[in-house]
Amino acid sequence: MDIKRFEKFDRELSEKLPNEIGKILKKAKRKKTCAIGFITTDDFYGMYLSWEYTHDIDEYYDWENGSEPDFLYQPLVDIVDNTKDIDLCSASDEKWDFALTLLSVLEKNIKNIPDDVFKKNGFERQDILFFATMGDGDYVEEMLDASVKMFN
């Protein structure tokens, strides 16, 4: 898939993700671990953050901590609204390719979070388990598995 489709989303992540992760970690002081999930809908219409002070991500859908920063929502909505060549409501090779491209943009930006964001909040990068998935839909498990491998 053409990554240019995700340029605005990539720029927004690059500018704003470190601060957003820093806010989550600041709330986690005195915790030893944290899992942070990027959760999207079945048709990729926006994304929100969810986190828990554990590494158990099996029940991420029940986590009470969450935020909906606009930089994760509107740029992704714009991409979906302008994607006419893929049916994002049905499972397909093209939809999975879209998911993998989205994950690669997230991976790049997660790995580019400065170490200082973690250290100033009492964490090392390896203390945080990042993942991405759908709240429900075609590729919940596939995105979860792929993202854990890619992001950490």
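Counting begins at 1 with the first residue of the sequence.
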Atom CD of Glu64 with >12 non-hydrogen neighbours under 6.0 angstrom =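 Count not over threshold, so no.
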Verify the neighbour count for atom CD of Glu68: are there more than 12 heavy atoms of other residues, nucleotides or ligands below 6.0 Å?
->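 Atom CD in Glu68 is not crowded, with 12 or fewer foreign heavy atoms closer than 6.0 Å.
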Check: [X] side chain, [Y] main-chain N or O, donor-acceptor pair, under 3.5 Å:
X: Thr133; Y: Met143; result: no
X: Asn112; Y: Lys108; result: yes
X: Asn152; Y: Val148; result: yes
X: Ser147; Y: Leu144; result: yes
X: Asp127; Y: Phe123; result: no

Taking it one step at a time, do Thr40 and Tyr45 satisfy side chain to side chain contact (heavy atoms under 4.5 Å, CB included)?
-> CA-CA 7 Å; Thr40 189; Tyr45 208 78; over 6 Å; no
What's the spacing between Leu106 CG and Leu72 CG if we round to 0.5 Å?
-> 7.5 Å
Residue pair [X] / [Y]: nearest heavy atoms and the distance that separates them:
X: Leu49; Y: Glu20; value: CD1-CG, 3.5 Å
X: Ser50; Y: Asn65; value: OG-O, 3.1 Å
X: Phe151; Y: Leu103; value: CE2-O, 3.4 Å
X: Thr41; Y: Met134; value: O-CG, 3.8 Å
X: Trp51; Y: Ile36; value: CB-CG1, 4.1 Å
X: Pro75; Y: Glu12; value: CG-CG, 3.7 Å

Find out whether [X] and [Y] are in side-chain contact, i.e. whether some heavy atom of one side chain is under 4.5 Å from a heavy atom of the other.
X: Phe71; Y: Asn19; result: no
X: Lys23; Y: Lys26; result: no
X: Asp2; Y: Thr101; result: no
X: Glu52; Y: Cys34; result: no
X: Phe44; Y: Ile79; result: no
X: Ile113; Y: Arg125; result: yes
X: Phe38; Y: Met47; result: yes
X: Phe6; Y: Leu102; result: yes

Where do Tyr53 and Lys32 land on the side chain to side chain contact (heavy atoms under 4.5 Å, CB included) test, with the steps shown first?
-> CA-CA 8 Å; Tyr53 306 117; Lys32 294 182 189 220; over 6 Å; no
Measure from the ring center of Tyr60 to the ring center of Phe131 and say whether it is less than 6.0 Å.
->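 Yes: the rings meet the under 6.0 Å criterion.
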is_close_aromatic(Phe98, Tyr139), centroid dist under 6.0 Å |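 No, the ring centres sit 6.0 Å or more apart.
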Given side chain to side chain contact (heavy atoms under 4.5 Å, CB included), test Asp42 with Cys89 step by step and report yes or no.
-> CA-CA 7 Å; Asp42 184 38; Cys89 294; 5.8 Å; no
Partners of Asp85 by salt bridge (Lys or Arg N to Asp or Glu O under 4.0 Å), sequence neighbours excluded?
->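 For Asp85, the residues satisfying salt bridge (Lys or Arg N to Asp or Glu O under 4.0 Å) (neighbours in sequence not counted) are Arg5.
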Test: Arg11 and Glu15 ion pair at under 4.0 Å =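 No.
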Salt bridge (charged side-chain N to carboxylate O under 4.0 Å, His left out) pairs, two or more places apart, involving residues 136-152 = Lys95-Asp138
For Ile86 and Asp97, what are the C-alpha separation, side-chain angles and deciding distance, and is it a side chain to side chain contact (heavy atoms under 4.5 Å, CB included)?
-> CA-CA 10 Å; Ile86 302 170; Asp97 191 36; over 6 Å; no
Between the side chains of Asp56 and Thr54, is a donor N or O closer than 3.5 angstrom to an acceptor N or O?
->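 There is no such pair (donor and acceptor under 3.5 Å, judged by atom type) between the side chains of Asp56 and Thr54.
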